[in-house]
Amino acid sequence: MKGDRVEIVVDAGDTTRTYEVVASRAGRRVETAVRRGVVEVSEVTRNGTPVRTARFMATRVLALVEQPVPREEASEGPLREDPKA
């Protein structure tokens, strides 16, 4: 969903570097995967096509923080007063 973010903190030798992958448009989401020692973070469209991908060696990743946008409950309508009260 637009606004979803993933922060990746990577060991860069003598310092650390922080990278962010953000779902920049409506309908896009951010997915993470760990495969064969590689951490892959992708911004993906509704039908699953990757728009941008960041890859890091898993041994260098210090932190992976997923920060989803708070979802609003669509099923709940406006609050109503109880007629019996």
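Hydrogens, waters and symmetry mates are skipped; everything else that's a heavy atom, side chains included, is used.
Linking Ile, Leu, Val, Met, Phe, Trp and Tyr residues whenever their side-chain heavy atoms come within less than 4.5 Å leaves Val38 and Met57 in two separate clusters. Transitive grouping of hydrophobic side chains (ILVMFWY, heavy atoms separated by less than 4.5 Å) brings Val61 and Val41 into a common cluster. Under the 4.5 Å side-chain contact rule for hydrophobic residues, Tyr19 and Val65 do not share a cluster. Under the 4.5 Å side-chain contact rule for hydrophobic residues, Val34 and Phe56 share a cluster.
Glu31 is not listed as a side-chain neighbour of Pro50, based on a closest heavy-atom distance of 4.5 Å or more. Taking 4.5 Å as the limit, some side-chain heavy atom of Leu64 sits within range of a side-chain heavy atom of Val6.
With sequence neighbours excluded, the residues satisfying side-chain contact (heavy atoms from CB on, under 4.5 Å) with Glu40 are Arg35, Ser42, Thr53, Arg55. Partners of Thr32 under the side chain to side chain donor-acceptor pair (under 3.5 Å) rule, at least two apart in sequence or in another chain, are Glu66.
Of all non-hydrogen atoms in Thr18 and Glu7, the two that sit nearest each other are CG2-OE1, 3.8 Å.
Here Asp4 contributes atom CG and Arg28 contributes atom CZ; the two are 13.0 Å apart, rounded to the nearest 0.5 Å.
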Name every donor-acceptor pair, under 3.5 Å, that has one atom in a side chain of residues 8-17 and the other anywhere in the protein, sequence neighbours excluded.
| unit_1 | atom_1 | unit_2 | atom_2 | d |
| --- | --- | --- | --- | --- |
| Asp11 | OD1 | Gly13 | N | 3.2 |
| Asp11 | OD2 | Arg60 | NH1 | 3.3 |

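Looking only at distances, no side-chain donor or acceptor of Arg29 sits under 3.5 Å from a matching main-chain atom of Ala23.
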